[in-house]
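Computed from heavy atoms alone, side chains included, the values below leave out hydrogens, waters and symmetry copies. Chain letters run A, B, ... following the sequence lines, proteins first, then strands; residues in each count from 1.
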2 protein chains.
Amino acid sequence: MTAESDFLEAYDPRAFPATAVTVDVVALTIRDGRLHVLLVERGEHPYAGRNALPGGFVRQETLEEAAKRELAEETGLRPENLGRIHLEQLATFGDPDRDPRMRVVSVAYLAFAPSLPDPRSGGDASAAGWFPVDDVPELAFDHGDILAAGLERARSKLEYTPLATAFVGAEFTIAELRAVYAAVWDEELHAGNFHRKVLSVPGFVESVGATTERGGERGGPRARLYRAGDARLLHPALLRPTREDDVR
Amino acid sequence: MTAESDFLEAYDPRAFPATAVTVDVVALTIRDGRLHVLLVERGEHPYAGRNALPGGFVRQETLEEAAKRELAEETGLRPENLGRIHLEQLATFGDPDRDPRMRVVSVAYLAFAPSLPDPRSGGDASAAGWFPVDDVPELAFDHGDILAAGLERARSKLEYTPLATAFVGAEFTIAELRAVYAAVWDEELHAGNFHRKVLSVPGFVESVGATTERGGERGGPRARLYRAGDARLLHPALLRPTREDDVR
DNA sequence: TGAGTTAGTCTCATGGAGAGAAGGACAGTA
DNA sequence: TACTGTCCTTCTCTCCATGAGACTAACTCA
């Protein structure tokens, strides 16, 4: 392999045009029954003062590690506590003029988390906060497009994966799970049918054998507790009600 | 906005570590009832002589334009003839050591095309060819992973989008469409049920009003011709038979 | 002309999904 | 304590999508 090592030694990485690679994270959670996204306020140009998705340049690390690092920085969570947070690659945005400084290609990641503390109180990440996704200010760069892609991915993934369990605690009730679907899909769901459906999908949830300590805030019986099962795909899927408009 | 323009003038793009951005294309087509992928033989180090997905560095263009350009170069197709080819972003691969030369982040694209001529006879793209996806040699870089991701995406997208029509000509029979599903999914399909299903999904196909000139090669009546309808999503979806193994 | 093949239609059994309702268990209030 | 309203959980009924199988008619090839 002498030819190859010679080649590698003579290779000049600067021969290619400078392109920066960043990660941006669409971090979603549910607070007060509404879907929220994590946004930070930009302190620097360009778009100073505008809200943006948390993100930054990729260092000597994998893309996923970069996304985890950015998420940890902005939420104030320690990386080791990121375990229960679902993280997946969303898409890559690289239009030549999406950043006025230079060519920046951004790999967007999507994160789902159970309700997290307000990052404002976290100290370091000063100007960060959770915003309801249906009431988001205009964002910097093309982050509005990235957010839209993240929301669509989240809505779609609830259908055929047990992702909703990433939004709730380790033990949860069927009603809590239903609230997740209702918040992400922004749809009312038939409690009885949802209950039957969730329990009928193999591996979606498994019973803990206990119930909540007390009934709901406004009455009602104690609910049985479940934890996430071992299914990676829901079969059959929980299809969201499809509007004709979506199809064409 | 003087502050911002001052900032942009003083900005030094070289301040960030050099990272190259490439696109790689998983181009799929169907030949002789089998799913094929387009591969090129690398002439240069690293991985000289190994097969790889067609791809290259991104220039002053959008990522999708780069993918189209690479695809056109390797297939010998003129860019204006790429119209009927479906192209979508697949995922981005950026592990620090995936390319021994330098940090290379690759945005992978997925392309579906009707049967194309053999690129070997196209002249320019000398060492390119179509390989059956279930009989692919070991690939350069992490292109094996990229191909696997592309196959899974293709199989999944057939379920809920009219993507299969991108594999056939402008006018096609239901049997041809069924052959696409059978090839991509590598599954036998019940002809009667498939027929009923395809015609029952609104906007999937629309009748041309004519039939094939003659029956099948081994007999049978003439088949009615259809063209792609205006649906962007299939509802209800054509779900592939799910094996229990896939679920866990 | 006959045998074999295939497009298209149909029937039947099964099971999932939506809608509605009922049985309790529980919280809050009078 | 009694009452009211909430809501978790289960059941029933109906409709529809799906899989399996069969049948007819049109066509090719020998």
Nearest-nucleotide wise, let me know which of A/G192 and A/G219 is further upstream toward the 5' end of DNA chain D.
-> A/G219
Roughly, in whole Å, what's the span from CZ in A/R218 to P in C/dG28?
-> 12 Å
Consider the side chain of A/L199, meaning its heavy atoms from C-beta on, and name the nucleotide among D/dT10, D/dA20, C/dG20 that approaches it most closely.
-> D/dT10
Reckon B/A175 touches a base, only the sugar-phosphate, or nothing at all at heavy-atom distances under 4.0 Å?
-> sugar-phosphate
Quick one: is C/dG24 close enough that its OP1 or OP2 comes under 4.0 Å of any side-chain N or O from A/R222?
-> no
Is there side-chain contact between A/L35 and A/F167, with heavy atoms separated by less than 4.5 Å?
-> yes
Specify the separation, in whole Å, of atom CZ of A/R196 and atom C1' of D/dT12.
-> 10 Å
Between atom NE2 in A/H235 and atom P in C/dA17, what is the gap in whole Å?
-> 10 Å
Which donor-acceptor pairs under 3.5 Å do the side chains of residues 173-182 of chain A make with protein atoms, sequence neighbours left out?
unit_1: A/T173; atom_1: OG1; unit_2: A/A175; atom_2: N; d: 3.4
unit_1: A/T173; atom_1: OG1; unit_2: A/E176; atom_2: N; d: 3.1
unit_1: A/E176; atom_1: OE1; unit_2: A/T173; atom_2: N; d: 3.1
unit_1: A/Y181; atom_1: OH; unit_2: A/L158; atom_2: O; d: 2.9

Shortest side-chain distance from A/P221, nucleotide among D/dA20, C/dG24, D/dT9 = C/dG24
Is A/R240 close to A/E187 at the side-chain level, that is, under 4.5 Å between some pair of heavy atoms?
-> no
To the nearest Å, give me how far apart CD (A/E188) and C1' (D/dC7) are.
-> 14 Å
Should A/P132 and A/R31 count as side-chain neighbours, where that means a heavy-atom distance under 4.5 Å?
-> no
Between D/dC7 (C1') and A/R224 (CZ): distance, integer Å | 14 Å
Which residue lies more 5' along DNA chain D, comparing B/L238 with B/G220 via nearest heavy atoms | B/L238
Candidate nucleotides C/dG18, D/dT10, C/dT6, ranked by approach to the side chain of A/N193 - the nearest = C/dG18
Rounded to whole angstroms, how far apart are NE2 on A/H195 and P on C/dG16?
-> 16 Å
Spacing between A/K197 atom NZ and D/dT10 atom C1', to the nearest angstrom = 17 Å
Check the distance between C/dA27's C1' and A/R214's CZ and give it to me in whole angstrom.
-> 7 Å
Worked check of side-chain contact (heavy atoms from CB on, under 4.5 Å) between B/F93 and B/D24 | CA-CA 10 Å; B/F93 296 78; B/D24 289 310; over 6 Å; no
